[in-house]
Amino acid sequence: MDELRELYQQLILDHNKSPRNFHVMDEPCESTEGYNPLCGDKLTLYVKIEDDVVADISFVGSGCAISKASASIMTEEIKGKPVDEAKVIFENFRDMITTGKVNKEELGKLEVLSGVYKFPSRVKCAILSWHTLKNILDNESGSVASTE
Amino acid sequence: MDELRELYQQLILDHNKSPRNFHVMDEPCESTEGYNPLCGDKLTLYVKIEDDVVADISFVGSGCAISKASASIMTEEIKGKPVDEAKVIFENFRDMITTGKVNKEELGKLEVLSGVYKFPSRVKCAILSWHTLKNILDNESGSVASTE
Amino acid sequence: MLDPNKIKSRFPIFSDSENTDLVFLDNASTTQKPDVVVEKLNDFYSRYNANVHRGIYRIGELATMEYESVRKKIAGFINAKSEKNIVFTKGTTESINLVAYSWARKNLSPGDEILVTEMEHHSNLVPWQLAAQQTGATLRYIPITEAGELDLSDLEKYLNSKTKLVAIVHQSNILGTINPVKKIIDLAHNVGAKVLIDGAQYITHASLNVDELDCDFYAFSGHKMMGPTGVGVLYAKQVLLEEMDPFLSGGDMILSVSMEKSTWNDIPYKFEAGTPNIAQVIGLGAAIQFIEDTGIDKIDEFITSLTKTAITKLQSVRGLRIYGHGPSSDSTSVISFNLADIHPHDVAQFLDMDNIAVRAGHHCTQPVMLKYNISSTVRASLYIYNTPQDIERLVGSLQKTINFMS
Amino acid sequence: MLDPNKIKSRFPIFSDSENTDLVFLDNASTTQKPDVVVEKLNDFYSRYNANVHRGIYRIGELATMEYESVRKKIAGFINAKSEKNIVFTKGTTESINLVAYSWARKNLSPGDEILVTEMEHHSNLVPWQLAAQQTGATLRYIPITEAGELDLSDLEKYLNSKTKLVAIVHQSNILGTINPVKKIIDLAHNVGAKVLIDGAQYITHASLNVDELDCDFYAFSGHKMMGPTGVGVLYAKQVLLEEMDPFLSGGDMILSVSMEKSTWNDIPYKFEAGTPNIAQVIGLGAAIQFIEDTGIDKIDEFITSLTKTAITKLQSVRGLRIYGHGPSSDSTSVISFNLADIHPHDVAQFLDMDNIAVRAGHHCTQPVMLKYNISSTVRASLYIYNTPQDIERLVGSLQKTINFMS
Ligand SMILES: Cc1ncc(COP(=O)(O)O)c(C=O)c1O
Ligand SMILES: Cc1ncc(COP(=O)(O)O)c(C=O)c1O
Ligand code: FES
Ligand code: FES
């Protein structure tokens, strides 16, 4: 049980209970829905981009502790970052989540999720909000992002 | 190989090569088709019934040695018998073919087929012509008799 | 009374070194296989593996005999009139689809109604949505009550002369509720509707008499009753099978084929195209033999009693909510619950760490989720190798989880 | 060169006490299973039997991983672009029916043509007869020559702008003929038709590259390539799978279900409704591994050479007539023949007495029977565990039979 406790450490439990940037955002903004067909959980992500920078970001939705914490930490880490940089972080995050390899400098607080790769069926939980973000950054807002 | 040789003894081989009553019969007569879906073989049986007696009987068709010999011997044994008696012989024959039990007095020459029960997949060959006959005797001529 | 520890020793999976402390509580999804089933498969592949219905050679005849003897055994097990009523499929889902294609598409027209319930498994729902779409028929739902039972108070509203088919689950795979199918069948027949029963859960532990029930179709899966994966059964009344069009077509289901057209083989073979799932059917025969040797009534009694124990113990866990299983309800073997506001997948993940296997999710019953306004539940489902200790392990692990998460 | 005696020792059935002198020559019907396949099934049922795609617990994840890894392995084995192109079915027959229901019924209209050949197995014929009937399309046949090959001299007559689908067998299960499918696929694509290849026989011994062939669909069965019964594959191009309607519907193939309608899961899952044939897929993976370890090219070389030997020896039997296998023809592994005017079932019965298993019948190819004006043949079909001694036993027993019967 230790590996799991480690994963669900205080930070995740905290973000699960009090997710940051957890609200609907007023227009004008981009928004898109993310869907995990394995469990049926959904979230909606809102992003305001100004001068190629993620000026504001928020989300709502239901999901497991991992998906909620992952979305919450994502909003904290991405807010204020240039779009290009956000895309690089997405790549690094995906690598970490699937392989466990951490690139400390760039991932910051996201590192608390590095243990997820040991639980293959939960990888989709952690990456759901990120796929949704990616959809928006790639200008595909409005479509539903799926973790499949 | 001995059981099989015994089954395919001279009598069967003989009837296979020179089947008796192997011809189309002129009207008026009853005729019906028998079909064995397992192998696709078919035969047509012709019967003339007069005063509740099988006055004449013949067949044509293709089939294996067992089915041909069985039909040939059947025509020999049934010709001239009252319909009621023919039906009893049918029952006895079916019992013999499926269980191997022989009722000598009533089966006569048909006894050469008593070994068929040891070859379950060939029971349908031996009984094909009989099912066809039964169909006619039960006044169902015209329909196709199937061994299924 | 059945001794689950003795029974457990017959299931090789529990003696695997990695599984010695496995508490398997996902039985509504699939069950474990007793030694006799695994051995029967071995025996087939190692002694008489051959195609059926064709070969004039020893092992081919042996394979055919074994295969067909299972049809007889199943007819006896569910009290069907004849083995002709038994069609082999790959599972409940295919059995239901067979009816949706071969019966419903032929017999339904615009204005007709198909009646299902809100507690159907997707496999007894989506095929009817599609059949309704394609024939112009309308799909109607018998609602469920908060207690997780069918609300039959307004049945006349749903069941009327337009109703051509009623498709209902015998026992719910999410709530455990056993539905009063006999009553519904009789009422449906009164208005001239046919009735299909999804027996995937019920048949695994309770005795079934299709002749007495008088249902028109009954569908179930082998893998949920200790048989191999990849085999299921459709029981249907003989006249229906005879009237129905074939479903899959190809080898073995034809009487004759010409370049212009084909004629069909007799029932049930008309519905079994191609090389059948021979080993799986033979393995299912061994599973049913195991059930008969154990005694279906003893199985039912044991599971019902263990379910009661489990419910009592679970209710003692702080913040745990069980769906269905009201005090007067007829329900057993399957228990769905939520643990405070902890997401079911998180709960299942923590249970797994204690080697306790449950399911979390919508359990292929999204309309039930809608009803309770939830997106998923944790589901523990019991079978004959589950012990009272398993229940204690479950409850203990749930308690640890809630302590950790709050 | 492959050593069949060494290989034979890997197949448990041949060491069974009743089978020590078994000559199994019905391989086109189904093949025997090597130790690794039987063990893999045992291993699944005894270590990690669980449903796939759902369980958040160790054995469920292991089962899912093994199941999905076979999809990848098969994609690699046939050189498909991705594992998304691989749909699991219960066999060739279901694979073809899937296309007949989900693709053909959606895409064909009156006036359209489906082109098949006179040497199709019923499983690649009857589904098209029914699809033609239901859509108003016309079924046309490429004829075969006396030599048992496709007569492509008038191909333009059959293949034209009305042709929407060409469905052909890669290798005939009665004549052994290997058809020039690459050429036909290219010509069919020129007129805008899709092509389905029935690879049930071909894939068992020869290397396949669906990407290079550029076929739209490719169907085959596990049990004919040493895998378990009850599992098959449909390969299809991705755009086709995406456009096609679902076939079977139910659990696991949906993204979401509401009371009104459902949305479909991604490919290939959209086509895999219900609990899949998990053990069988995993067993098929072991069979393909066995083929890869043996070497598909070595298998092909061995079978081709043994077929040549068999044909030469059989031709020495008085009154024996072989169908097809003309001197210039591309044919292997399957040999159909008749022995003077002895009925094939009588021949097979005598061979069985010497423990030699062959098939007698129409082999689900009644149009070929019509062509040769016969009602059945004896068929000997070879696989990797057949030895030159097997051929001698066959020839000897045939000789005895003809002596006895004449
Ligand atoms: C060429 C061919 N196509 C299709 C089939 C049908 O395969 P299955 O019976 O496994 O569905 C067979 C085997 O019988 C075959 O040989
Ligand atoms: C009530 C019910 N119906 C249908 C099914 C579908 O059965 P299968 O997946 O074996 O086709 C299940 C099992 O998942 C079930 O529980
Ligand atoms: S379980 Fe649904 S997102 Fe994690
Ligand atoms: S094999 Fe056809 S009747 Fe005997």
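Just so it is clear, the structure is predicted and the values come from calculations on it, not from any experiment. Within every chain, numbering begins at 1; the chains are lettered A, B, ... in the order of the sequence lines, protein sequences first and strands thereafter.
Both the backbone and the side chain of C:Glu18 come within less than 4.5 Å of a heavy atom in chain D. Of the atoms belonging to C:Leu98, not a single heavy atom falls under 4.5 Å from chain D. No part of C:His363 comes within reach of chain D, as not one of its non-hydrogen atoms sits under 4.5 angstrom from that chain. Contact annotation for D:Leu351: neither backbone nor side-chain heavy atoms come within less than 4.5 Å of a heavy atom of chain C. For D:Trp264, the part lying near chain C is the side chain, with the backbone staying farther off; criterion is any non-hydrogen pair under 4.5 Å. Heavy-atom distances place no part of D:Val281 under 4.5 Å from chain C, backbone and side chain included. For a residue to count as touching a neighbouring chain, one of its non-hydrogen atoms must lie under 4.5 Å from one of that chain's; by this rule D:Ile56 touches chain C with backbone and side chain alike. Proximity to chain D involves both the backbone and the side chain of C:Tyr45, based on heavy atoms less than 4.5 angstrom apart. Contacts between C:Val358 and chain D at a heavy-atom distance below 4.5 Å involve the backbone alone (N, CA, C, O). Of the two parts of D:Ile278, the backbone and the side chain both hold a non-hydrogen atom closer than 4.5 Å to a non-hydrogen atom of chain C. The part of C:Leu130 that comes within reach of chain D is its side chain, from C-beta onward, which places non-hydrogen atoms under 4.5 angstrom from that chain. Only the side chain of C:Ile254 comes within contact range of chain D, with heavy atoms under 4.5 Å apart. Using a 4.5 Å cut-off between heavy atoms, C:Glu120 makes no contact with chain D at all. Heavy atoms of C:Tyr101 lying under 4.5 Å from chain D belong exclusively to its side chain.
For the atom pair D:Leu248 CG and C:Asn97 CG, the distance stands at 4.5 Å (nearest 0.5 Å). Considering CG of C:Asn42 and CD of D:Glu39, their distance stands at 9.0 Å, rounded to 0.5 Å. Atom OG1 of residue C:Thr89 and atom CD of residue D:Glu94 lie 10.5 Å apart, to the nearest 0.5 angstrom. Distance check, rounded to the nearest 0.5 Å: NZ of D:Lys261 to CD of C:Gln133 gives 8.5 Å. The line from CG of C:Asn277 to NZ of D:Lys90 is 6.0 Å long, rounded to the nearest 0.5 Å. How far CG of D:Leu255 is from CD of C:Gln366: 9.0 Å, rounded to the nearest 0.5 Å.
Each of D:Ala360, D:Ala50, D:Pro127 has some count of heavy-atom pairs under 4.5 Å with chain C, and the biggest count is that of D:Pro127. Most heavy-atom pairs under 4.5 Å with chain D: of the set C:Gly230, C:Ser249, C:Gly232, C:Ser123, this distinction falls to C:Ser249. Ranked by heavy-atom pairs shorter than 4.5 Å toward chain D, the options C:Val37, C:Thr93, C:Thr229, C:Val38 are led by C:Thr229. Annotation: maximal heavy-atom pairing with chain D below 4.5 Å, among C:Met253, C:Arg47, C:Gln349, C:Lys33, occurs at C:Arg47. Interface check for chain C: of the options D:Cys364, D:Pro12, D:Ala357, D:Gly274, the most heavy-atom pairs under 4.5 Å are formed by D:Ala357. When the candidates C:Pro228, C:Ser15, C:Ser17, C:Pro276 are compared by the number of heavy-atom contacts under 4.5 Å with chain D, C:Pro228 comes out ahead. Most heavy-atom pairs under 4.5 Å with chain C: of the set D:Ala132, D:Gly361, D:Ala273, D:Gly60, this distinction falls to D:Ala273. The candidate from D:Asn49, D:Val126, D:Ile96 with the greatest count of non-hydrogen atom pairs under 4.5 Å with chain C is D:Asn49. Chosen from C:Asn355, C:Asn124, C:Ile59, the residue pairing most often with chain D at heavy-atom distances under 4.5 Å is C:Ile59. Across C:Asp252, C:Asp16, C:Leu22, C:Leu370, the residue that shares the most heavy-atom pairs under 4.5 angstrom with chain D is C:Asp16.
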Check the pair D:His223, C:Asn51 against side-chain contact (heavy atoms from CB on, under 4.5 Å), reporting the backbone distance first and the verdict last.
-> CA-CA 9 Å; D:His223 70 98; C:Asn51 217 320; 4.1 Å; yes
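The minimum heavy-atom distance linking C:Gln129 with D:Ser262 is given by the pair OE1-OG, 2.5 Å.
The aromatic rings of D:Phe24 and C:Tyr57 stand perpendicular to each other, their planes meeting at an angle above 60°, with 30° marking the opposite boundary.
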